[in-house]
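Here's the structure we're looking at; comments come further down.
What you see is a predicted model, and the numbers here were worked out from it, not measured in a lab.
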Amino acid sequence: MLLKIKNNKPSLKGRIKVTGSKSETNRLLLLQSLFDTITIKNISNSDDAAVMEKALTSTEEIIDIHHAGTAMRFLTAYFSIQDGRKTILTGSQRMQERPIGILVDALRSLGAQITYKKNEGYPPIEIKGKVLTKGHVTLKANVSSQYISALILIGASFPEGLTITLDGKITSVPYINMTLQLLLQIGIKANFIGQEIQIFPHASPIDKKEVTVESDWSSASYYYSMMAIMLSQKPTVSSQITISSYRKDSLQGDAVLRKIYKELGVLSRFTENKLELYLNPEVNLPEILKLDLSNSPDIAQTIAVTCLGMGIACDLTGLHTLKIKETDRLEALKTEITKLGGDIEVTNTSLHLKAQKTTLNRNVTIATYHDHRMAMAFAPLGLCVPILIEDAGVVSKSYPGFWEDLKTLGFEQEIIH
């Protein structure tokens, strides 16, 4: 679906409800499969969560997780400890190009039986589940946090628990902490001291526990972006967006949005479980926004596009994991921002955008590369110029109601084909 969007309204006002965090949901679904006394509320309505839930309840030998990278990593660990069960994990063509070798090597060192069906280091993989009795593994600390979280999630099932030693500088710490906090919430003991994570064994049943998933901060990022761009377009106009349900003491690393967008004139206020976004017209906008996003790389696309729409330069670093996402997100950003008239350079770990001095090119078609975040990150530019989003339905991976929610904020939409 090719979707044309624009918004010429004088202000942004509306109330949005975002469903549960995909990251929290997928972790809790796996824990629920291991400890069935857990009840989960406000589950994400994303495709990724649906794929995860279906895989965990499936009795089939072949499990196809399509584009769901989190599911691939978490399920690789999960099926490794399903004693006596044989599972083949596969996915889309892009998924078969995304590396899994670091996690497989770690699980093999713990005694897991995993073989590659096609290319060494990549899905599809065949897993013969067994009881894993070795209790210690070492991983490079700068790998995707999902590899580390996958091991943490199964650690309590080991007879003696699991100790994970991280070698080098640790990245994506908030996601590791999120996983550990969810374990603690359901009653599993764990700690993270220095370079070592320890998960204690939990053989007895977990007490009955109801866990409510906080709404997704990554999804909230697009509304922060809209507000910031609106400030640059109409600085004297009052705008306010209320989104729910969020907590001030969030477990999600992307909650750093509050601090980042404060620099761009967007203020955050919590009222009960609602997050109110409003503008600070007195803000002194930076000439260049410099950020290390190694702990929250999923919001890099949103921030880069926000700066493009505001005419602000940015230097974003710590982006090494973006090369192996749904697409190579750095190269994708470079291509699409250039189409719009932006001046951008990328490396394997960083992005550098120059300040935009002229109006963005109109009616540009943004390719999304099967990547939900490409579609949603560029959508706020409809406040600047009419823009077309290719394969707009890709947003269902994490936020199926995105386009409908944008209509409530005044975004006009036309399906071209």
Side-chain angles (χ1 to χ4, degrees), residues 1 18-34 36 38 40-82 85-100 103-104 107 114 117-118 122-127 129 144-147 149-151 153-154 175 178-179 182 211 213 215-216 218-219 252 298 321 324-327 329 368-376 391-402:
M1 177 175 71
V18 175
T19 64
S21 156
K22 178 166 66 80
S23 297
E24 286 189 32
T25 295
N26 282 337
R27 287 160 170 79
L28 286 166
L29 286 172
L30 191 151
L31 290 170
Q32 185 182 54
S33 288
L34 295 175
D36 60 9
I38 302 168
I40 312 171
K41 292 183 69 177
N42 196 34
I43 284 178
S44 168
N45 66 349
S46 64
D47 286 354
D48 275 17
V51 164
M52 185 77 175
E53 193 164 19
K54 182 180 178 182
L56 288 165
T57 55
S58 173
T59 56
E60 300 293 321
E61 182 175 297
I62 298 175
I63 305 286
D64 186 347
I65 53 80
H66 308 290
H67 298 300
T70 306
M72 175 59 74
R73 280 121 182 214
F74 288 1
L75 293 171
T76 297
Y78 174 80
F79 286 118
S80 293
I81 62 169
Q82 300 307 303
R85 179 171 177 177
K86 177 184 171 184
T87 307
I88 295 172
L89 266 184
T90 189
S92 65
Q93 182 56 45
R94 173 59 182 167
M95 185 57 59
Q96 294 181 37
E97 296 167 357
R98 295 176 67 178
I100 193 77
L103 178 59
V104 169
L107 287 164
I114 306 173
K117 299 293 287 181
K118 288 185 180 177
Y122 298 86
I125 54 177
E126 180 179 295
I127 305 166
S144 167
S145 63
Q146 290 180 4
Y147 298 146
S149 287
L151 296 169
L153 289 167
I154 64 170
Y175 286 98
M178 174 201 291
T179 310
L182 291 173
V211 183
V213 180
S215 292
D216 187 54
S218 303
S219 296
Q252 298 172 51
D298 278 347
T321 61
I324 58 168
K325 295 286 187 177
E326 284 80 348
T327 184
R329 286 180 171 167
T368 53
Y369 307 85
H370 307 295
D371 184 351
H372 55 131
R373 299 206 189 282
M374 287 295 290
M376 292 185 285
D391 190 19
V394 74
V395 300
S396 65
K397 179 173 169 56
S398 64
Y399 190 171
F402 180 70

Report yes if some heavy atom in the side chain of [X] is under 4.5 Å from a heavy atom in the side chain of [Y]; otherwise report no.
X	Y	result
S398	D216	no
I154	L107	yes
I63	I88	no
M178	Q252	yes
M52	I65	no
R73	I100	yes
T368	V395	no
I125	K117	no

Stepwise side-chain contact (heavy atoms from CB on, under 4.5 Å) test for I40 and T25: CA-CA 8 Å; I40 312 171; T25 295; 5.7 Å; no
So that I can tick it off, tell me whether [Y] and [X] are bridged by a salt bridge, with the cut-off set at under 4.0 angstrom between side-chain N and carboxylate O.
X	Y	value
D48	K22	yes
R329	D298	yes
R27	E24	no

Residue from E126, M95, H66, Q96 passing side-chain contact (heavy atoms from CB on, under 4.5 Å) with T90: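 Exactly one candidate clears the test, Q96.
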Y175/Q146 under side-chain contact (heavy atoms from CB on, under 4.5 Å): CA gap, chis, key distance, verdict: CA-CA 8 Å; Y175 286 98; Q146 290 180 4; over 6 Å; no
Considering non-hydrogen atoms only, spot the tightest contact between [X] and [Y] and give its length.
X	Y	answer
R98	P123	O-CD, 3.3 Å
Y122	E97	CE2-O, 3.3 Å
R373	S218	NH1-CB, 3.4 Å
L56	S33	CB-OG, 3.5 Å
L29	A49	CD1-O, 3.8 Å

Test side-chain contact (heavy atoms from CB on, under 4.5 Å) applied to L153 and Y78, step by step: CA-CA 8 Å; L153 289 167; Y78 174 80; over 6 Å; no
Under 3.5 Å: donor-acceptor pair, side chain of T57, backbone of E53: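 The answer is yes, because a donor-acceptor pair under 3.5 Å joins these two groups.
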Any donor-acceptor N or O pair under 3.5 Å, side chains D47, S396: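 Short answer, yes.
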Check: S149/T179 side-chain N/O donor and acceptor closer than 3.5 Å: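 On atom types as modelled, these side chains qualify, holding a pair under 3.5 Å.
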Within 6.0 angstrom of E61 CD, more than 12 heavy atoms from elsewhere: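 It does: E61 CD has more than 12 such atoms within range.
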L34/Q82 under side-chain contact (heavy atoms from CB on, under 4.5 Å): CA gap, chis, key distance, verdict: CA-CA 10 Å; L34 295 175; Q82 300 307 303; 4.1 Å; yes
Distance in Å, S92 OG paired with D64 CG, rounded so as to fall on 0.5 Å steps: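 Going from the OG atom of S92 to the CG atom of D64 covers 8.0 Å.
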Point-to-point distance, once rounded to the nearest 0.5 Å, from CD1 of I43 to OG of S21: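 Taking CD1 in I43 and OG in S21, the distance rounds to 12.0 Å.
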